[in-house]
A.B. asks: 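Let me begin by handing over the structure; questions about it come next.
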2 protein chains.
Amino acid sequence: MDNNLMRPVPERKRGQGVKFVYEILRDDILDLVLPPGSPIDEIQLAERLSMSRTPIREALVKLASEGLVTTLPNRSTMVSNIDFLNLHTFFDALSLMYRVTTRLAAENRTEEDLEIIRNLQIKFTKAVQAQDALTMIATNRDFHAAIAEAGKNPYYTGLFFRLLDEGRRILRIYYSSFDDQLPKRYVAEHDDMIAAIEAHDVASADKLAAQHADQIVIQIQQFMARDRRRPIDL
Amino acid sequence: MDNNLMRPVPERKRGQGVKFVYEILRDDILDLVLPPGSPIDEIQLAERLSMSRTPIREALVKLASEGLVTTLPNRSTMVSNIDFLNLHTFFDALSLMYRVTTRLAAENRTEEDLEIIRNLQIKFTKAVQAQDALTMIATNRDFHAAIAEAGKNPYYTGLFFRLLDEGRRILRIYYSSFDDQLPKRYVAEHDDMIAAIEAHDVASADKLAAQHADQIVIQIQQFMARDRRRPIDL
DNA sequence: TGTATTTTATTTGTCGACAAGAATATTAGA
DNA sequence: TCTAATATTCTTGTCGACAAATAAAATACA
């Protein structure tokens, strides 16, 4: 019940309060420091961050409209649960967004976009070599986010980022250790995707993204099958 | 500058304040009672609705995270502009969501879903017969929203509803009167879509939705070409 | 007259306080 | 001892107030 956010409270300028709380809560939710179902006590938070409840409430409204937090009227707000019963809708949307964003990247990428994507692939490769699973997860996310940005459709990036964040929570719950050969395969697939994007090869980008998405979905499902702690919900 | 919301202020129960302001503002924004770029004065709103600024600010945070409102830090918040320069990203996303939601509806629809969809098609048909353009726009939106609901993927419905709302604003700006033959064609296309959804014919549903979306995009573009008041932005 | 600088006014972001609701504890009655 | 009614505590939703930040107005200067 004591989900402390034990962080030093840095100096804050006026007008940064909401953003500040928002980012702290968001990070803690996505990193499962605040696991699904945790109650969020406004007063406690206010005291810990030494600010009033007003900016905290506004941050909570923002988080609620992104689905990360659920507020019951006149009752406490809590970290949103993951709907394991309907995970297939998540996988479906995730796969589609992988494809669409990668297609668009192949159409619209600039040299600067490519540069960013390549750098993130280097970071990802290093994380794989170091067998650092947490960094792998984070960098893989950033890699695909960068591809989506190169596609330059804010409606797609908006949904895709939300899905990637949700995926981060799910992976945090389920991953124990990666199979040794899988991450290396991801590196190769990423390289292929970069090549297709660079060549403006839309069809190939689409196909590679679809395969890559399938691979990731299968992997998450394997994690879930391996770890049967959570029977149905929550 | 005086975008008054002249409405009677009904009795409100505690805990309904934010919702109340949110819905008023949302409706006024989508109906262009508050046109893009309008400044939103918190104090003025607070007086008019006879409540304090706190619930109003929370409603604005919610609207901001849905993209309907833009808040410049330490400066007034205003109704978001429509990005006419990048409308193609809107059309692209809209078409995709038309297809995806209609496909899923063909897969997952229940009898109850079909019932709702058919009733909305009846409403739409009546609006076409009555040549009531505003009701046509609204009912067409509800029709496709109902199809999306039948698909039962909250990630898709979330994005799709946002796109439909944005389309409502654009149509309100540009439509003058519909061509006589076009709405009738829409009625026929809707009927075909219902048949495909009823028959669980995913491929057909997808194809019909794609055609329908193209048709609608072309129509909006024709409205825009016809009405060249707005040269570049805003 | 036009520009730079100071002063004033307005508006935002945050605060502490308070009352309505809900949750919990307490008492009363069987 | 167990259930029902009541009282108490706690939390949320809303309020009015205040200070920082910005915009507008007024003044000084060239």
Side-chain angles (χ1 to χ4, degrees), chain A residues 1-5 7-26 28-29 34 37-66 68-80, chain B residues 1-5 7-26 29 34 37-65 68-80:
Chain A
M1 177 56 170
D2 194 13
N3 296 311
N4 284 355
L5 326 164
R7 309 195 175 198
V9 179
E11 307 297 309
R12 273 175 296 98
K13 289 161 204 157
R14 177 198 151 87
Q16 302 295 306
V18 177
K19 199 183 161 201
F20 177 70
V21 190
Y22 169 78
E23 285 172 359
I24 284 189
L25 281 176
R26 190 169 177 284
D28 283 347
I29 291 171
L34 295 172
S38 312
I40 296 181
D41 187 328
E42 296 176 5
I43 299 174
Q44 211 176 338
L45 248 180
E47 284 172 2
R48 196 155 296 151
L49 304 180
S50 55
M51 53 169 63
S52 88
R53 280 174 50 228
T54 309
I56 286 169
R57 294 194 102 244
E58 293 185 6
L60 288 177
V61 170
K62 205 174 167 195
L63 288 166
S65 69
E66 293 168 13
L68 289 177
V69 135
T70 308
T71 41
L72 318 180
N74 274 323
R75 199 100 27 82
S76 89
T77 88
M78 55 181 234
V79 178
S80 295
Chain B
M1 179 52 171
D2 196 12
N3 297 309
N4 284 356
L5 326 164
R7 309 197 175 194
V9 179
E11 308 295 309
R12 275 173 294 99
K13 288 161 204 158
R14 176 197 152 87
Q16 302 294 308
V18 178
K19 199 182 160 201
F20 177 70
V21 192
Y22 170 78
E23 284 172 359
I24 284 189
L25 281 177
R26 191 170 178 284
I29 291 171
L34 294 172
S38 310
I40 296 179
D41 187 328
E42 294 175 7
I43 298 174
Q44 212 176 335
L45 248 179
E47 285 172 2
R48 196 155 293 149
L49 304 180
S50 55
M51 53 170 60
S52 86
R53 280 172 52 226
T54 310
I56 287 169
R57 295 194 103 245
E58 292 185 6
L60 288 178
V61 169
K62 207 174 165 194
L63 288 166
S65 69
L68 289 176
V69 135
T70 309
T71 40
L72 318 180
N74 276 321
R75 196 103 25 84
S76 90
T77 88
M78 54 180 233
V79 179
S80 295

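Letters go in sequence order (proteins before strands), and every chain restarts at 1. Computed from a predicted structure; not experimentally measured.
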A.B. asks: Whole angstroms only, please: what is the CE-P distance between Met51(A) and dC18(D)?
C.D. replies: 22 Å

A.B. asks: What is the per-nucleotide protein-contact pattern of nucleotides 17-24 of chain C, from the 5' end, where B denotes a base atom under 4.0 Å from a protein heavy atom, S denotes such proximity for sugar-phosphate atoms only, and - denotes neither?
C.D. replies: B-BBSSS-

A.B. asks: Enter the distance from Arg48(B):CZ to Ile43(B):CD1 here, rounded to the nearest 0.5 Å.
C.D. replies: 12.5 Å

A.B. asks: Can you tell me how far C1' of dT14(D) sits from CG of Leu49(B), to the nearest Å?
C.D. replies: 14 Å

A.B. asks: Rounded to whole angstroms, how far apart are CG on Leu72(A) and P on dT11(D)?
C.D. replies: 15 Å

A.B. asks: Where is the tightest heavy-atom contact between Ile56(A) and Glu42(A), given as atom of each residue plus distance?
C.D. replies: CD1-O, 4.1 Å

A.B. asks: Starting at atom CG of Leu60(A), determine the distance to atom P of dT12(D), rounded to an integer number of angstrom.
C.D. replies: 9 Å

A.B. asks: So Leu25(B) and Leu45(B), do their side chains get closer than 4.5 Å, heavy atoms only?
C.D. replies: yes

A.B. asks: Rounding to an integer number of Å, can you tell me how far Glu58(B) CD sits from dT12(C) P?
C.D. replies: 16 Å

A.B. asks: Name the atoms and distances for all side-chain donor-acceptor pairs under 3.5 Å in residues 68-78 of chain A, with sequence neighbours left out.
C.D. replies:
residue: Thr70(A); atom: OG1; partner: Ser80(A); partner atom: OG; Å: 2.8

A.B. asks: Considering heavy-atom distances to DNA chain C, does Thr54(B) or Ile40(B) have its closest nucleotide positioned more toward the 5' end?
C.D. replies: Ile40(B)

A.B. asks: What is the minimum heavy-atom distance between Lys62(B) and Ser65(A), and which atoms define it?
C.D. replies: CG-CB, 4.3 Å

A.B. asks: Is any side-chain N or O of Ser52(A) closer than 4.0 Å to OP1 or OP2 of dT14(C)?
C.D. replies: no

A.B. asks: Between Leu45(A) (CG) and dT12(D) (C1'), how many Å, whole number?
C.D. replies: 15 Å

A.B. asks: What is the separation between atom CZ on Phe20(A) and atom P on dT14(C), rounded to the nearest whole Å?
C.D. replies: 12 Å

A.B. asks: Expressed in angstrom and rounded to an integer, what is the separation of Met78(B) atom CE from dT11(C) atom P?
C.D. replies: 17 Å

A.B. asks: I'd like to check the salt bridge (Lys or Arg N to Asp or Glu O under 4.0 Å) partners of Glu58(A); sequence neighbours left out, ordered by chain and number.
C.D. replies: Arg57(B)

